[in-house]
2 protein chains.
Amino acid sequence: MAIGRPRTFDRDTALDQAMEVFWRHGYEGATIAQLTEAMGINPPSLYAAFGSKEALLKAALDRYTARREAWMEEVLSAPTAREVTARMLMGVAEKQTDPSNPPGCLLVQGGLACGSGSANVPFELAARRAQTEEQLRHRFERAKAEGDLAEAADPAALARYVSAVITGMSVMASSGADREALAQVAEVAIRSVEEQSVRAPIAAN
Amino acid sequence: MAIGRPRTFDRDTALDQAMEVFWRHGYEGATIAQLTEAMGINPPSLYAAFGSKEALLKAALDRYTARREAWMEEVLSAPTAREVTARMLMGVAEKQTDPSNPPGCLLVQGGLACGSGSANVPFELAARRAQTEEQLRHRFERAKAEGDLAEAADPAALARYVSAVITGMSVMASSGADREALAQVAEVAIRSVEEQSVRAPIAAN
DNA sequence: TCCATATTGTAGTGCTCGCTACAAATGTGG
DNA sequence: CCACATTTGTAGCGAGCACTACAATATGGA
């Protein structure tokens with residue numbers, strides 16, 4: 001059997017370029033022409049490799065979350081809820097203003113409201129944002145079980161709160177806020193979690 | 001001199017309908033066909049009255065902020081920084097989940113990232129969001145001068161923080177969070193400002 | 001060497017976009 | 001009742017959209 005003409009581009013490299021376009025212009029604002037030019041390929045190659053514009057977005061989102069996985073694990077491995085929050089928010093302040101990427105977070109910039117033809121894109125992004133919140137909730141539940149968070153603390157509410165602050169920072173970054181501005185916001189938020197922490201945590205590790 | 005055929009629609013009513021379409025679908029996701037249908041007019045009437053799609057958005061934004069002006073003044077008239085924040089965030093939790101409007105905030109849902117042809121729409125929205133932050137900053141500066149906020153408090157940072165939380169809540173609301181969820185976030189954030197308040201404020205009002 | 005298979009580049013497809021030309025309609029002032 | 005000014009509805013403009021038909025090209029296997 002024959003194998004066929006080999007593809008001239010690297011799938012993941014092309015996906016990185018597409019990610020950047022979606023990140024900067026949003027799903028609806030990104031055109032196939034912009035995407036193909038950034039990816040260095042022609043439309044038929046794009047459609048053969050990814051299927052559709054929306055499927056390309058999903059592939060880019062998969063790669064986006066996969067890229068942050070290692071960092072997320074490092075964040076969640078911090079010994080206390082307060083330290084988890086601090087690493088998380090300070091990391092976000094840095095990442096969202098990293099000049100080697102578009103500002104903000106792809107899961108927000110991708111599109112909060114879309115036209116009727118792409119109505120499920122906002123859902124897709126929201127579902128991926130919810131994953132981070134869930135990871136935080138689990139971590140905070142563990143913190144409470146370990147006596148690190150106060151008895152009165154609500155892990156789900158805290159996770160929602162941290163998640164909301166992250167989103168707010170993302171929007172700030174996308175409209176031009178610099179790292180110091182984001183770090184100031186992070187600092188205030190970190191104290192909120194600190195406030196609900198037990199003063200002398202068990203710190204069993 | 002003659003006066004001409006009278007217009008058959010009310011400008012502000014039509015603007016309200018347009019506002020809702022932009023709110024629900026974003027600037028790029030809203031089509032002229034959707035707008036004219038919601039406004040109950042035909043394209044030539046829209047263009048004669050507002051000039052262009054972008055000018056229509058700006059008119060809708062003007063109306064949006066004008067509508068909230070009275071509420072903002074009521075919020076800012078609260079006696080302490082803590083109370084200002086509480087009224088603000090609890091009001092936001094309620095307004096952003098009010099079923100008589102699309103969820104979230106028009107200044108966020110309108111569009112964070114846009115295609116190259118509408119690049120200044122995100123700027124326009126960011127500028128309007130910045131106004132709220134500025135109002136909060138002024139109010140917090142006054143609070144500090146009145147001895148209501150601690151000496152160590154940074155009014156600008158606090159205003160940025162509250163502004164970021166509002167934005168985060170807006171995104172949460174747009175992806176389906178209910179009022180209780182938003183109120184929980186608000187509650188945590190309010191405690192952050194409380195923490196920077198002087199325990200027995202001068203409360204000179 | 002020739003076939004089978006897959007990708008490539010060119011050049012479009014139909015469709016919807018924001019926007020407008022134009023003529024009929026509807027009012028006021030003389 | 002006529003002349004003028006403005007709006008209305010119809011119909012359609014060029015441009016750009018996501019997407020694809022097709023032929024040329026490049027590989028591995030027989």
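Here is the naming used below: chain letters follow the sequence lines, and residue numbers restart at 1 for every chain. This one's a predicted model, so the numbers in the text were calculated from it and none came from an experiment.
Look at NZ on A/K53: it is 13 Å from C1' on C/dT16, rounded to the nearest Å. When the C1' atom of C/dG18 is taken as reference, atom CD1 of B/I32 falls 6 Å away, rounded to whole Å. Rounded to an integer number of Å, the gap from A/L46 CG to C/dT10 C1' is 16 Å. If you measure from atom NE2 of A/H25 to atom P of D/dC17, you get 11 Å, rounded to the nearest angstrom. Rounded to an integer number of Å, the gap from CG of B/L35 to C1' of C/dC19 is 13 Å. A/R5 places its CZ atom 5 Å from the C1' atom of C/dT7, with the value rounded to the nearest Å. At whole-Å resolution of the value, CE in B/M39 and P in D/dT8 are 11 Å apart. Regarding B/R11, its CZ atom lies at a distance of 12 Å from the P atom of D/dT7, rounded to whole Å.
The phosphate of D/dT7 (OP1 or OP2) has no side-chain N or O of B/S45 nearer than 4.0 angstrom. Contact annotation: A/Y47 reaches the phosphate of D/dC19 (side-chain N/O to OP1 or OP2, under 4.0 Å). Contact annotation: A/R7 reaches the phosphate of C/dT7 (side-chain N/O to OP1 or OP2, under 4.0 Å).
Mapping A/A48 and A/P44 onto DNA chain C by nearest heavy atom places A/A48 at the nucleotide closer to the 5' end. With DNA chain D read from its 5' end, the first of the two nearest nucleotides for B/N42 and A/T31 is the one closest to B/N42. In terms of position along DNA chain C, the nucleotide closest to B/Y27 lies nearer the 5' end than the nucleotide closest to the other residue of the pair B/Y27 and B/P6.
A donor-acceptor contact closer than 3.5 angstrom links the side chains of A/N120 and A/E54. In summary, the side chains of A/S52 and A/Y47 do not present any donor paired with an acceptor at a separation below 3.5 Å, with no hydrogens or angles considered.
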### Task
Dump the intermediate steps for side chain to side chain donor-acceptor pair (under 3.5 Å) on B/R160 and A/Q184, then the final yes or no.
CA-CA 8 Å; B/R160 245 200 300 265; A/Q184 279 185 326; 2.3 Å; yes

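With sequence neighbours excluded, the residues that form a side chain to side chain contact (heavy atoms under 4.5 Å, CB included) with B/R63 are B/D12, B/L15, B/D16, B/M19, B/R67.
Across all strands shown, A/A30 has heavy atoms under 4.0 Å from sugar-phosphate atoms exclusively, and none from any base.
Enclosure of atom CZ in A/F123 is not indicated, since only 12 or fewer non-hydrogen atoms of other residues, nucleotides or ligands lie within 6.0 angstrom.
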